[in-house]
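A quick write-up on the structure given underneath.
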Amino acid sequence: MNWLQNNYIELIGAITGLIYLYLEIKQRVWLWPLGIITSAFYIYIFYESKFYADMGLQFYYLFISIYGWYHWLFGGAVKAKNSLPVTNTPKSNYLSLLAASVAFFVIIRHILVHYTDSPVPTGDAFTTALSITATWMLARKYIEHWWLWVIVNSVSLALYLYKGLYPTSVLFVFYTTMSVVGYYQWKQERSKTIAQP
């Protein structure tokens, strides 16, 4: 009971995170407003745990959730319905996405090493940089974002276990597994869309 009293915010954040993941896999637009709520919880959780880059990432999630919400509703320009279809990442974007990820990593790690007391600056910077890229790809409904989440979630799981964030660690076990499931579900839908006349 004491553990629940001390960790109820993390537990609620983990539950909303699981619902968010379900909505993401099912491509439900309500994932974006729920993402705003989840981010609010995790700003506090990561601040308390000294995961400063992850905390900063939650502020980014607040803004990208508004962008993603709008883009999923109005960015599709599909004939029958105004929704965004699942697509592959254009090959012309690969180099810029890689360059952006590396730049984010270098900048975030520098800040964490020199201006914070983060116990895991390299891991925190790595997962944060890739998360920024993956979330932008999600907002565009690029199917390959799922593979970035497999990497991010696996590394994050190890970091959260190290810091004793056990409800969040359980959440990231699901995140890692369901990122693979999400990829194949989106791939199946992409194949149906391509097959349609």
Closest approach of [X] to [Y] (non-hydrogen atoms, all atoms of both residues):
X: Asn93; Y: Thr89; answer: CB-CG2, 4.0 Å
X: Lys26; Y: Arg28; answer: O-NH1, 2.7 Å
X: Pro119; Y: Lys163; answer: CG-NZ, 3.9 Å
X: Thr122; Y: Phe105; answer: O-CE1, 3.6 Å
X: Thr176; Y: Ser154; answer: CG2-OG, 3.3 Å
X: Glu144; Y: Tyr94; answer: OE2-OH, 4.3 Å

Donor-acceptor under 3.5 Å (Trp186 side chain, Ile25 main chain)
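Yes; judged by distance alone, with no hydrogens or angles, the pair exists.
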
State whether the side chain of Thr127 and the backbone N or O of Asp124 hold a donor-acceptor pair below 3.5 Å, judged by distance alone.
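Checked: pair present.
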
In one Ile/Leu/Val/Met/Phe/Trp/Tyr side-chain cluster, 4.5 Å: [X], [Y]:
X: Val113; Y: Phe51; result: no
X: Ile107; Y: Val120; result: no
X: Ile111; Y: Leu159; result: no
X: Trp69; Y: Ile66; result: yes

Is any side-chain heavy atom of [Y] closer than 4.5 Å to one of [X]?
X: Ile151; Y: Leu130; result: yes
X: Lys141; Y: Gln27; result: yes
X: Leu165; Y: Ser49; result: yes

According to the salt bridge (Lys or Arg N to Asp or Glu O under 4.0 Å) rule, which pairs have a member within residues 39-67, sequence neighbours left out?
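Those involving residues 39-67 are Lys50-Asp117.
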
side-chain contact (heavy atoms from CB on, under 4.5 Å) for Trp146 and Val180? Distances and angles first, verdict last.
CA-CA 7 Å; Trp146 285 111; Val180 177; over 6 Å; no

When rounded to the nearest 0.5 angstrom, what distance separates CD in Glu24 from OG in Ser179?
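Result: 7.0 Å between the selected atoms.
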
Atom CG in Leu23, atom CH2 in Trp30: separation rounded to 0.5 Å?
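Output value for this atom pair is 10.5 Å.
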
Could you walk me through whether Trp147 and Val150 pass the side-chain contact (heavy atoms from CB on, under 4.5 Å) test, one step at a time?
CA-CA 5 Å; Trp147 293 123; Val150 170; 3.8 Å; yes

Counting the benzene-type ring for Trp, do Tyr44 and Tyr47 have ring centres under 6.0 Å apart?
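No; Tyr47 has its ring centre 6.0 Å or more from that of Tyr44.
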
With ring centroids as reference points, do Tyr160 and Tyr166 lie under 6.0 angstrom apart?
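Ring-ring flag for Tyr160/Tyr166: false, centres at least 6.0 Å apart.
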
Do other residues, nucleotides or ligands put more than 12 heavy atoms under 6.0 Å from Tyr142 OH?
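Buried by this count: over 12 neighbours within 6.0 Å.
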
Would you give me the side-chain donor-acceptor pairs under 3.5 Å for residues 56-65, sequence neighbours excluded?
{"from": "Gln58", "atom 1": "OE1", "to": "Ser39", "atom 2": "OG", "distance (Å)": "3.3"}
{"from": "Tyr60", "atom 1": "OH", "to": "Ile132", "atom 2": "O", "distance (Å)": "3.0"}
{"from": "Ser65", "atom 1": "OG", "to": "Tyr61", "atom 2": "O", "distance (Å)": "2.6"}

Start with the C-alpha gap between Trp149 and Tyr175, add the side-chain angles, then the distance that decides, and say whether ring pair (Phe, Tyr, Trp, His ring centres under 6.0 Å) holds.
CA-CA 8 Å; Trp149 284 127; Tyr175 271 12; 7.8 Å; no

Before you tell me yes or no, could you show the steps for Met178 and Tyr183 under side-chain contact (heavy atoms from CB on, under 4.5 Å), namely the whole-Å CA-CA distance, both residues' side-chain angles and the distance that decides it to 0.1 Å?
CA-CA 8 Å; Met178 296 311 292; Tyr183 172 79; over 6 Å; no

Please list every donor-acceptor pair under 3.5 Å in which a side-chain atom of residues 133-140 meets a protein atom from a residue at least two apart or in another chain.
{"from": "Thr133", "atom 1": "OG1", "to": "Ser101", "atom 2": "OG", "distance (Å)": "2.6"}
{"from": "Thr133", "atom 1": "OG1", "to": "Ala129", "atom 2": "O", "distance (Å)": "3.4"}
{"from": "Thr135", "atom 1": "OG1", "to": "Ser131", "atom 2": "O", "distance (Å)": "2.8"}
{"from": "Arg140", "atom 1": "NH1", "to": "Tyr67", "atom 2": "OH", "distance (Å)": "2.9"}
{"from": "Arg140", "atom 1": "NH1", "to": "His71", "atom 2": "NE2", "distance (Å)": "3.4"}

Between Phe104 and Thr128, is the side-chain contact (heavy atoms from CB on, under 4.5 Å) condition met? List the steps.
CA-CA 8 Å; Phe104 284 131; Thr128 301; over 6 Å; no

